[in-house]
Structure formats: structure tokens, C-alpha cells
Amino acid sequence: MMMTTTSSFLWSCSLLPSQGPNRQTQWKRHEKVLSFSLSCSPKSTVKFYMNGALVSRQLSRKVAVSGVVRAGFELKPPPYPLDALEPHMSRETLDYHWGKHHKTYVENLNKQILGTDLDGLSLEEVVLLSYNRGNMLPVFNNAAQAWNHEFFWESIQPGGGGKPSGDLLRLIERDFGSFDDFVERFKAAASSNFGSGWTWLAYKANRLDVANAVNPLPKEEDKKLVIVKTPNAVNPLVWDYSPLLTIDTWEHAYYLDFENRRVEYINTFMEKLVSWETVSTRLESAMARAVQREQEGTDTEDEENPDDEEPEVYLDDASEEVD
Amino acid sequence: MAIRSVLSTRTLSGLKETSSKLLGFRGIQTFTLPDLPYDYSALEPAISGEIMQIHHQKHHQTYVTNYNNALEQLDQAVNKGDASTVVKLHSAIKFNGGGHVNHSIFWKNLAPVNQGGGEPPKGALGGAIDTHFGSLEGLVKKMSAEGAALQGSGWVWLGLDKELKKLVVDTTANQDPLVTKGASLVPLVGIDVWEHAYYLQYKNVRPDYLKNVWKVINWKYASEVYESECK
């Protein structure tokens, strides 16, 4: 099988619920948690944070959350007809970008995971696992690009553009000074992202400014909006951020309509395409999740193994090595 | 310019401030877009004239312009002793300078069929290719596969490791020149696999571009470089 022999990885126990195609809350307190093996060896070691401590466990494959082996991921169409974004993004672009690029990522992803331990996981889980702390496994590119593109189509709409309102606008003004300042910085980030990649607006809750770091004393001001540039297929899920908006700056996203004129594409995106309604909805979910996580974090600090309830991590071998 | 050899750097920057009218006079060497030794449409049907024109006049020109800007900013920062700015400029220099270096090589790597494009290498390079890769077909297959597998933007190269005296196939990301993969590596043939190099014609089918580009590869130039490095 295709998986490489990385035998251990770090995974935050307080994983975000799925935001991708499934959009179900898969991580609930006291529910069976998925565990699995990434290598071909009979046992593999997984390290993760639980209640603030770094713990490593020997795992073998357990039941997937859904309990069902999936037939494969679907290529979801954009929530509008392929010509609905004209003249700002042409039908031809949608035909190739969605109909070929996005489609190929999904098809190749399905081929790669069929029959492997990743089969049956949600797309977001596949992305997070295959990121492997930056030492990406082969399936990451297809998985992340499938996720990214679905997120992208939903970030734009016919008749898009304009200004956000409500909580979103409030946070933008709080964290960037003003909406215009935000737009300027977002555009600057997108146009200076060398090579292929994506630029994101994300909600960052309770994280220190270093990947893999847990903020032990989270405060209200630690939760903020950030602009993030990522290369190739990487997205901010891998740093436990909540993506809110993205612009695809791979050349295939704009070449047919704008040739090399990426700045013009970015301007058009902001003025005519971005769906602030969707971004607002995503922000509400992200903020709700952050609150829920905080509550869970407070509760589990007081309990080790609650009586009559499943432990938070479903283990095969209870032997424990604490780092 | 004769002036440059007489004056010290400090005097030069003083001159820069007092005589801003001296257009083009800088303490640093700047760059211009090299001309193509063939018409834009001369590589058809392997690479369309539309692509060649945009690739040369827009993409490469932008690298040159931005490289010059970055160098000028670097010069000022160096003169002022502004270390933070010097460090901050490195990615712009690597990216735009690399883009200029790589594309300058690329235009020489290509030739119209009636100027020898696609003609297999003879002589020393031909022999070396057979030794290292079994045959030219073997090399082409390897480079095409690696070019197709490259995720995102970058280049696939045939290079000469001048220390080990052997040919290598390697890839670089974005606009990293081949030398970033090894100080002793000399680029012989580079193939641009950024989407802008083929999208208007081949769309998402990069493998088709890689199949066809070999028809216009200028092995004569690659041989010249190889032989001069092997002396």
C-alpha cells in the first residue's frame, strides 16, 4: 500500500470538528475516538496531547467514526452554475478548474486511499493525518487540494463582493484596524505568495504563534483573525486554525481569464466574487467551536477516567509511555 | 563605467543622492530582458506563439524588473547597514533573481526545429547520456516523469555535477536555480513546469506538454555547456 513508514506523529487531541465536506461534529466528549495505524507494521506509536501532557500509545486499527467503509469522496459541484460567475470568472475557467483540476484531485485521492487505513475517514481527517507535521505523506497533496477546492468554490458566489457585517466586520475592524486595511493586507499577501499556493483568512483560537504549541492559559484576546499564506496544497487546518475564506493563487485559477495578471484577479475576487455571507457563517461556527473546546478543556482537567464512561481515547494496548 | 572603478562605495552613494538625474547610474549591476534568438511562433506546434510571447514579455520581464528593484533596495540597505531589510529582501532576490537566471537558460534550451531543435545530442554529451541513463529515451522518460510529478511550480533539470563528473536529473521548486540543490551542479537543460509555461495550450495536461517539449530542445547548446565544463 502507498502509506510510508512513518510510525509516529503528533496529533492534538482537541481536533476541530470536520469543516470540510462532511460538516458534522465528529469530535464529542466521551465518544469513541478514531485510532488507526499508518504503517504496515502490526503496531504503531501515536503521540498526542491529552490534558496537556504528551502521551504516546501503541495503537492498532479501530472502528472508524462512521462505521461505514466509504465508496470514495465525491466531487461536489459549486453551489451555482458553472457560468454564474461570468464575467469575473469565466465558464471556461470553471470547466477546467472544477471539471479537470478539482476532479482529478478527488479521483486520484480515491484511488490512493481505497483499501487503506484512510478509507472511511472524513476528508478533513485524511488531510490532518497525512500532513504528518510537515513531512507530508503521498496522499496529502490530493486530499488537501480536494478540501481546498471545495472550500474555495463555497467562498465565492455570483454577485459577491461588497462588505461584511455583524460579528465578522467587528472582528475584522478589531484585528486589522479597518475593513480597507484588511483588504489591502489580504491582497498584498495573495500577490506576494510566490509560486503555487493559497491565501487565507482564518480564525485562530487559543494558539501560541508556533505550530504544535498549546496555549496553557488561553484568553479572549488570543482568539483572533489572521491572514495566512500557504504553499502548494497546505491549508491552515494543519495548524488547528479555522479557515474562513480562501483565494486560490495557483496559476490555473486565473490564467485563462487574466494570464499573468494575478493582481487583477485578486482585485476582481475581492470586489466581485467573495461571499461574505459564507465567511460569516464559518466564523460563527468557528467561534462556537472555540467556546465548546474551552469548556471541554476545563471539564476534563478535573477527571482522569470517568466512571461508567468510555475513555476519551480508544486503546488496544493500555501500556503507556509518557515522554 | 570608468567612474565606478575610481570611486569608493561611500562616494557612490553620496553621488546617488546628489545627482538623481543620472539615470541608470547605480552602484550595482542591473539586468535587462534578453532577446529570444527566434520568433515567438517558431517553436510551434510544440509551444504556441501565444505562450512564448506572454512567457517572455510578461513573466520573464516581471522577474527582471522585480529583481532590479530588489537589488536596488538591497544596495541601499547594505550601505545603510540595515541588516533587517537585507535579510527581508532575500526571498524577493531568490525568487526574482532565480526567475531571471532560470528563464535566461530556458530560452537557450529551446530552438526551432529548423535550427536543430529536437536533434539528439551527439559527441561527449550524447555518450554521457547513454552511459548514465541507458539512452536518450531513458533520460527523456525520467525527466518527463519527474516534471509531471512535481507538485506546484518548479523546474526539472538535466545537470552536470562538475565535481563528481556525472549527469544528474533533479527538480527545483518555484524559481530556485539548480545550484540550490548542489553547489557543483551546472544546468544543461531546464524545463519550466510552472503552469504559465503550458496552460494556455495544454491546460491541466502537463504530461502532454512534457511529451512535446522535447521536439524543440536545443541539445547543441547543452552539449556546448557540457563540453566547456568538462575541460
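It should be emphasised that the depicted structure is a prediction, and the values quoted were computed from it without experimental measurement. Below, chains carry the letters A, B, ... as their sequence lines are ordered, and counting in each starts from 1.
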Chemist: Shorter than 4.5 Å, heavy atoms on both sides: which option in A:G197, A:A233, A:S196, A:P231 has the most such pairs with chain B?
Modeler: A:S196
Chemist: If you count heavy-atom pairs within less than 4.5 Å of chain A, which of B:T62, B:N204, B:L200, B:N174 leads?
Modeler: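 Counting heavy-atom pairs under 4.5 Å, the top option is B:N204.
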Chemist: For the residue pair A:N232 and B:Q151, what are the closest heavy atoms and their distance?
Modeler: ND2-O, 3.4 Å
Chemist: Should the heavy atoms of other residues, nucleotides or ligands under 6.0 Å from NZ of B:K94 be counted, would the total exceed 12?
Modeler: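 Not more than 12 within 6.0 Å, no.
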Chemist: Would you compute the distance between atom OH of B:Y198 and atom OH of A:Y255 and round it to the nearest 0.5 angstrom?
Modeler: 11.5 Å
Chemist: Quick check for you: among A:E259, A:H101, A:R261, which has the greatest number of heavy-atom pairs under 4.5 Å with chain B?
Modeler: A:H101
Chemist: First locate atom CH2 of A:W250, then atom OG of B:S153, and finally report the distance between them rounded to the nearest 0.5 Å.
Modeler: 6.5 Å
Chemist: Nearest 0.5 Å please: distance from the CG atom of A:N260 over to the CD atom of B:Q61.
Modeler: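 These two atoms lie 11.0 Å from each other.
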Chemist: Specify which of B:H55, B:Q175, B:K203 makes the most heavy-atom pairs with chain A at under 4.5 Å.
Modeler: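 It is B:K203.
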Chemist: More than 12 heavy atoms of other residues, nucleotides or ligands under 6.0 Å from CD of A:E184: yes or no?
Modeler: no
Chemist: Tell me whether B:K211 at atom NZ has more than 12 heavy atoms from other residues, nucleotides or ligands lying less than 6.0 Å away.
Modeler: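 No, the 6.0 Å shell around NZ holds no more than 12 heavy atoms from other groups.
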Chemist: Hey, do the aromatic rings of A:F258 and B:H196 have their centres closer than 6.0 Å?
Modeler: no
Chemist: Tell me whether A:K272 at atom NZ has more than 12 heavy atoms from other residues, nucleotides or ligands lying less than 6.0 Å away.
Modeler: no
Chemist: Examine A:H97 together with B:Y199 and report whether their ring centres are nearer than 6.0 Å.
Modeler: no
